[in-house]
There are 2 protein chains.
Amino acid sequence: MKETKDACNLNNCFLCTNSVKDWLPAISTHKKNFAVKKGESIFKEGDPVKGIYFVYTGKVKVHKRWNNDKELIIRFAKPGDILGHMGLGNNPVYPVATTALEPTTLCYIDLAFFESTLNVNHKFTYALMKFFADELQKSEQRMRNLVHMPVKERIALAMLNLKKMFGVDAAGAINMELTRQDLSSYAAVSYETWFKVTQDFIQEKMIAVTGKSITLQNEAVLQKLVDDANGGFE
Amino acid sequence: MKETKDACNLNNCFLCTNSVKDWLPAISTHKKNFAVKKGESIFKEGDPVKGIYFVYTGKVKVHKRWNNDKELIIRFAKPGDILGHMGLGNNPVYPVATTALEPTTLCYIDLAFFESTLNVNHKFTYALMKFFADELQKSEQRMRNLVHMPVKERIALAMLNLKKMFGVDAAGAINMELTRQDLSSYAAVSYETWFKVTQDFIQEKMIAVTGKSITLQNEAVLQKLVDDANGGFE
DNA sequence: CGCTTCATTGAAAAATGTCAACGTGTGTGG
DNA sequence: CCACACACGTTGACATTTTTCAATGAAGCG
């Protein structure tokens, strides 16, 4: 992770777009920008919290390790999102790890300046509170889904989520390259299981896979799988 | 749920303890107090969000339904906690249900006044933001635990959590009465499985159960189960 | 006393993960 | 350019875990 200059023009991250105008100069002085290479870690589980990151460009996975070789991808972060906010509570240690999935640029402010910002910049505090409320809602929704949904449905849901989050490219493929390991970690299933279910989906013409690109060919059926699993409750 | 007078003296809920002094009169005028009977629902999944609740006394479960007959208990709320905040994001519908587990008193403010509070009362917004950050951290931790931990460990963890959250009574039993259904929903396992594992724990003198009281007799072993499952990662 | 509800238990089924093997490519050093 | 090792995708068989189902027993209640 390398510090860079001028990567950010104060207009496309959560911090800047949610700050009052006259606080921007202060941000400009205090912020740092970083460039992160694909596959590089931004922080790891257990690292002491020193500051908070805002994603400017790129994509990042937020994950939690399990038993040395398994992991669960909690969520993805994309431009406009926040990283490292879970360390803001009482526990001064990051509870999750974050890794760039493609070249990523970040805006960073240290905890001290972050606290000043919260005190001065009420618009930001408010926006942050709302952001957390949303994240919490998503997290609890996801918790229930992961706990109760069968594997097939979880994988269908994962694919739908990815498309919703990252959109599709010109060819119609989900605009995100993930290793198969990552895909299975996101759906919270073993790699082999993920593979087999995916084969089924391909057989049934619900998705198409070429290399690392995934195209949803029949979103309606995938959605129906998920809906049926929910039994009418969302 | 019945409205009551004078149930709250402005000093023991999240709202009041985190507000600036001169905002308390306004709260006093706008707040409502409710008494909820054991087993009664405060709001249900899908209900439109009208306001936010603060637990004054009692205990509440926050749960999400699944397929008409299964549910997952997301978390518990006790005095000082907040209910209904997940509706604060963009989605104006409660994503979870809340049900009183014993006679409970609540403080309630409607959304309009809540928004005014946020605008005026920055101390409160700040505290709320911190609260959400903590909740989010717990939620993500719990998500990973529920996904990766085997049943036995999940149940051990559930018991330890309950003790940590609610403490013990004079006899040393966990200070909370839950139906066995609720217990299994909290550990995210089927009722029968919960029962069988619990029997094992009793055999091995790790817990004792009399009626609805549960006593942890060997917390260290339960904790070790959980720690081992985590493989050194917290 | 009969009925309903809940607790308890065992057996069977279903879902998922684990393991090992095989093939296919891909890069490297000779 | 070839041979080899190595990583990774792919697959099937198998083991394990967990749930589901059904039967039985116990307990409360009109």
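Chain A is the first sequence line, chain B the second, and so forth, proteins listed ahead of strands; every chain is numbered from 1.
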Starting from [atom2] on [N], measure out to [atom1] on [X] and report it in whole angstrom.
{"X": "B:Gln203", "N": "C:dT9", "atom1": "CD", "atom2": "C1'", "result": "14 Å"}
{"X": "A:Gln199", "N": "C:dT16", "atom1": "CD", "atom2": "P", "result": "18 Å"}
{"X": "A:Leu146", "N": "C:dT16", "atom1": "CG", "atom2": "C1'", "result": "15 Å"}
{"X": "B:Trp194", "N": "C:dT9", "atom1": "CH2", "atom2": "P", "result": "13 Å"}
{"X": "A:Phe195", "N": "C:dT18", "atom1": "CZ", "atom2": "P", "result": "17 Å"}

> Can you list every pair that meets ring pair (Phe, Tyr, Trp, His ring centres under 6.0 Å) and has a residue in residues 198-225 of chain B, with sequence neighbours left out?
Replying inline: none
>> Between B:Tyr191 and C:dA7, is there a contact of a side-chain N or O with OP1 or OP2 at under 4.0 Å?
In response: yes
>> Test side chain to side chain donor-acceptor pair (under 3.5 Å) on A:Asn161 and A:Lys163; report intermediate values, then the result.
In response: CA-CA 5 Å; A:Asn161 279 347; A:Lys163 176 165 179 182; over 6 Å; no
Sequence neighbours excluded, which residues qualify as side chain to side chain donor-acceptor pair (under 3.5 Å) partners of [X]?
{"X": "A:Glu140", "answer": "none"}
{"X": "B:His148", "answer": "none"}
{"X": "B:Lys44", "answer": "none"}

Not counting sequence neighbours, which residues clear salt bridge (charged side-chain N to carboxylate O under 4.0 Å, His left out) with [X]? List them please.
{"X": "B:Lys138", "value": "B:Glu135"}
{"X": "B:Lys32", "value": "none"}
{"X": "A:Glu204", "value": "none"}

> chain B on DNA chain D: first and last contacting nucleotide, 5' to 3', under 4.0 Å to a heavy atom?
Replying inline: D:dT18 to D:dC21
>> Taking any heavy-atom pair under 4.0 Å as a contact, classify A:Lys70: base, sugar-phosphate, or nothing.
In response: sugar-phosphate
Distances under 3.5 Å only, N/O to N/O: pair up the protein atoms with those of nucleotides 19-23 of chain C.
residue	atom	partner	partner atom	Å
C:dC19	N4	A:Glu192	OE2	3.4

